[in-house]
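The structure appears below as structure tokens.
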Amino acid sequence: MRYWWVNQNQTYRHEIDGGYLWSPKKNKNQARNQFYENMREVSPGDLIFSFKDTRIAAIGIAESYCYESPKPVEFGTAGSYWENIGWKVKVRFTPLANSIRPKDHIALLLPFLPKKYSPLQPNGNGLQSVYLAHVNSDLASELINLIGAEVSPLLDAAQTVQPIAADDLDFSELQIESEIYLDPAIRETEKLALVRARLGQGIFKERVRKIETRCRVTGVDNPVHLIASHCKPWRDASNEERLDGENGLLLTPSIDHLFDRGFIGFENNGQLIISPVAHRPSLQRMGIDINSTTNVGAFTQGQKSFLDFHRESVLLQVRAI
DNA sequence: TGCTGCGCTTT
DNA sequence: AAAGCGCAGCA
């Protein structure tokens with residue numbers, strides 16, 4: 001289990017009631033933001049300290065991994081400068097009776113604050129620049145001690161969390177699909193091709209097959225068992241990119257799932273990347289060698305640019321700068 | 001609501 | 001070095 005700290009002054013009510021965390025992917029100026037990147041490394045069962053009005057007002061238990069999701073409409077004017085597509089994690093929050101004020105205990109906490117990306121200033125005040133900060137286990141123990149007995153049942157609950165799937169991904173894709181159907185500017189044949197491309201079939205798959213011959217991970221080469229998986233996801237791509245053969249890999253269904261949801265990825269040199277949040281035993285049962293490094297071979301120039309997007313925007317891993 | 005602040009990234 | 005940015009804190 002890992003521990004996190006979330007600043008929720010502006011969105012506390014929405015996120016607590018809605019049972020989620022949401023962040024943009026990038027700053028307004030497209031700069032990288034470590035506190036948004038951290039969303040990608042949350043796992044079901046992680047414990048989240050919710051900070052609001054100078055206090056830790058609630059504790060959350062993550063119930064899903066991170067996934068791409070549109071900005072919640074209920075935010076209204078809060079964070080109006082945030083881009084429309086961001087990261088979401090499902091969380092069950094429990095408000096605290098003893099909502100401690102970290103500043104009152106800063107002498108105790110100070111030794112455990114990290115040098116970088118700390119959620120607190122040395123004087124105990126919060127920081128506007130923080131959204132989701134990592135909390136090391138020493139700091140977490142101190143906070144849990146200060147809050148007291150009401151944390152125990154939450155810690156127990158965290159041990160037995162049943163991970164929830166990212167159900168609103170389907171919803172937003174179906175929304176895009178109906179927009180395609182209604183668009184008079186798209187020919188009927190292309191509409192069909194675009195819809196089939198979402199499922200990794202049709203013209204898109206035929207185009208991918210001109211570049212790829214087998215599942216890079218399992219080696220399966222019978223097209224019956226292969227799905228054309230998008231490197232730049234269908235929901236993020238332009239219509240042209242949705243049908244671009246360079247934007248696809250032929251994968252068996254379980255590998256397609258792992259790649260689509262960011263549990264695995266590929267370096268441009270062909271090296272398989274395994275996300276730190278992935279459940280290793282499951283990956284092994286899906287036929288991935290988790291004990292040694294795997295190289296799946298070279299990619300074309302076009303594939304590399306789509307794989308850049310996948311690592312940057314889908315893979316559940318905080319990348320080095 | 002607006003003013004000040006700090007830690008971080010980018011130029 | 002300097003500017004830009006952000007789920008803070010305070011009046």
Side-chain angles (χ1 to χ4, degrees), chain A residues 2-42 46-62 64 66-96 99-107 109-136 139-140 143 146 308 311-313 317-321:
Chain A
R2 300 178 81 192
Y3 305 93
W4 307 94
W5 171 299
V6 64
N7 279 359
Q8 286 179 307
N9 258 13
Q10 293 184 45
T11 55
Y12 178 81
R13 204 67 264 166
H14 303 124
E15 295 191 339
I16 295 277
D17 293 347
Y20 61 82
L21 297 178
W22 186 91
S23 83
K25 289 187 174 184
K26 291 279 174 65
N27 279 1
K28 189 181 177 184
N29 58 4
Q30 290 303 302
R32 158 200 162 80
N33 185 319
Q34 181 66 34
F35 302 107
Y36 301 155
E37 294 290 310
N38 285 340
M39 293 283 283
R40 306 163 86 154
E41 295 210 349
V42 177
D46 285 358
L47 194 118
I48 300 155
F49 298 98
S50 162
F51 185 69
K52 171 189 161 50
D53 292 344
T54 77
R55 297 176 173 279
I56 294 179
I59 282 183
I61 296 167
S64 79
C66 174
Y67 56 95
E68 195 176 54
S69 181
K71 177 164 72 173
V73 286
E74 59 267 28
F75 280 7
T77 57
S80 50
Y81 52 90
W82 292 329
E83 56 194 344
N84 223 16
I85 297 290
W87 298 118
K88 195 181 217 180
V89 173
K90 296 192 186 234
V91 180
R92 184 184 314 187
F93 288 102
T94 306
L96 294 173
S99 57
I100 60 162
R101 197 164 172 271
K103 191 173 185 176
D104 295 340
H105 312 279
I106 188 60
L109 302 176
L110 197 53
F112 304 111
L113 294 180
K115 298 281 169 288
K116 212 175 173 185
Y117 306 126
S118 170
L120 289 172
Q121 296 178 43
N123 66 8
N125 282 340
L127 276 158
Q128 185 186 358
S129 49
V130 170
Y131 179 58
L132 187 70
H134 180 248
V135 171
N136 61 53
L139 180 55
L143 293 172
L146 288 169
D308 286 342
R311 287 191 304 274
E312 185 64 32
S313 210
Q317 177 178 25
V318 176
R319 310 282 298 172
I321 303 164

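Predicted model only: the values in this text are computed from it and were never measured. The chains referred to below are lettered A, B, ... by the order of the sequence lines, with proteins before strands, and numbering in each begins at 1.
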Less than 3.5 Å apart, any donor N or O on the side chain of W4(A) or N38(A) sitting next to an acceptor on the other?
no
What contact category does [X] fall into here, base, sugar-phosphate, or nothing, at under 4.0 angstrom with non-hydrogen atoms?
X: Y12(A); result: nothing
X: F35(A); result: nothing
X: Q34(A); result: nothing
X: V6(A); result: nothing

Measuring from Y67(A):OH to M39(A):CE, what's the distance to the nearest 0.5 Å?
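That separation rounds to 9.5 Å.
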Does the side chain of E83(A) reach to within under 4.5 Å of the side chain of K28(A), using non-hydrogen atoms?
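They are not in side-chain contact.
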Interatomic distance where [atom1] belongs to [X] and [atom2] belongs to [N] [whole Å]:
X: N9(A); N: dG6(C); atom1: CG; atom2: C1'; result: 12 Å
X: K103(A); N: dG5(B); atom1: NZ; atom2: C1'; result: 12 Å
X: W82(A); N: dC5(C); atom1: CH2; atom2: C1'; result: 13 Å
X: L132(A); N: dG7(B); atom1: CG; atom2: P; result: 20 Å
X: E37(A); N: dC8(B); atom1: CD; atom2: P; result: 16 Å
X: Q128(A); N: dA8(C); atom1: CD; atom2: C1'; result: 6 Å
X: W22(A); N: dG6(C); atom1: CH2; atom2: P; result: 12 Å
X: R101(A); N: dA8(C); atom1: CZ; atom2: C1'; result: 12 Å

If you compare every side-chain N and O of [X] against the phosphate oxygens of [N] (OP1, OP2), does one of them come in below 4.0 Å?
X: K116(A); N: dC6(B); value: no
X: Y117(A); N: dT9(B); value: yes
X: Y81(A); N: dC5(C); value: no
X: Y36(A); N: dC7(C); value: yes

Opposite nucleotide pairing with dG5(B), Watson-Crick or G-U, both atom distances under 3.5 Å:
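Paired with dG5(B), as far as the under-3.5 Å criterion goes, is no nucleotide at all.
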For dC7(C), give its Watson-Crick or G-U wobble partner with both distances under 3.5 Å, or none.
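Result: none.
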Give me the ring orientation class for W22(A) and W82(A): parallel if the planes are under 30° apart, tilted from 30 to 60°, perpendicular past 60°.
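The rings of W22(A) and W82(A) sit tilted, inter-plane angle from 30° to 60°.
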Between Y117(A) and F35(A), how do the two ring planes meet: parallel, tilted or perpendicular, split at 30° and 60°?
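Y117(A) and F35(A): perpendicular rings.
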Which nucleotide wins on minimum distance to the side chain of [X], given the candidates [options]?
X: Q8(A); options: dA8(C), dC7(C), dG6(C); result: dC7(C)
X: P122(A); options: dT9(B), dG7(B), dC10(C); result: dG7(B)
X: S129(A); options: dT10(B), dC7(C), dG6(C); result: dG6(C)
X: L127(A); options: dT9(B), dG7(B), dG4(C); result: dG7(B)

Just do the side-chain contact (heavy atoms from CB on, under 4.5 Å) check on F49(A) and L143(A) with the steps written out, would you?
CA-CA 9 Å; F49(A) 298 98; L143(A) 293 172; 3.9 Å; yes
Base of dG7(B) paired with side chain of Q121(A) (donor-acceptor, under 3.5 Å)
no
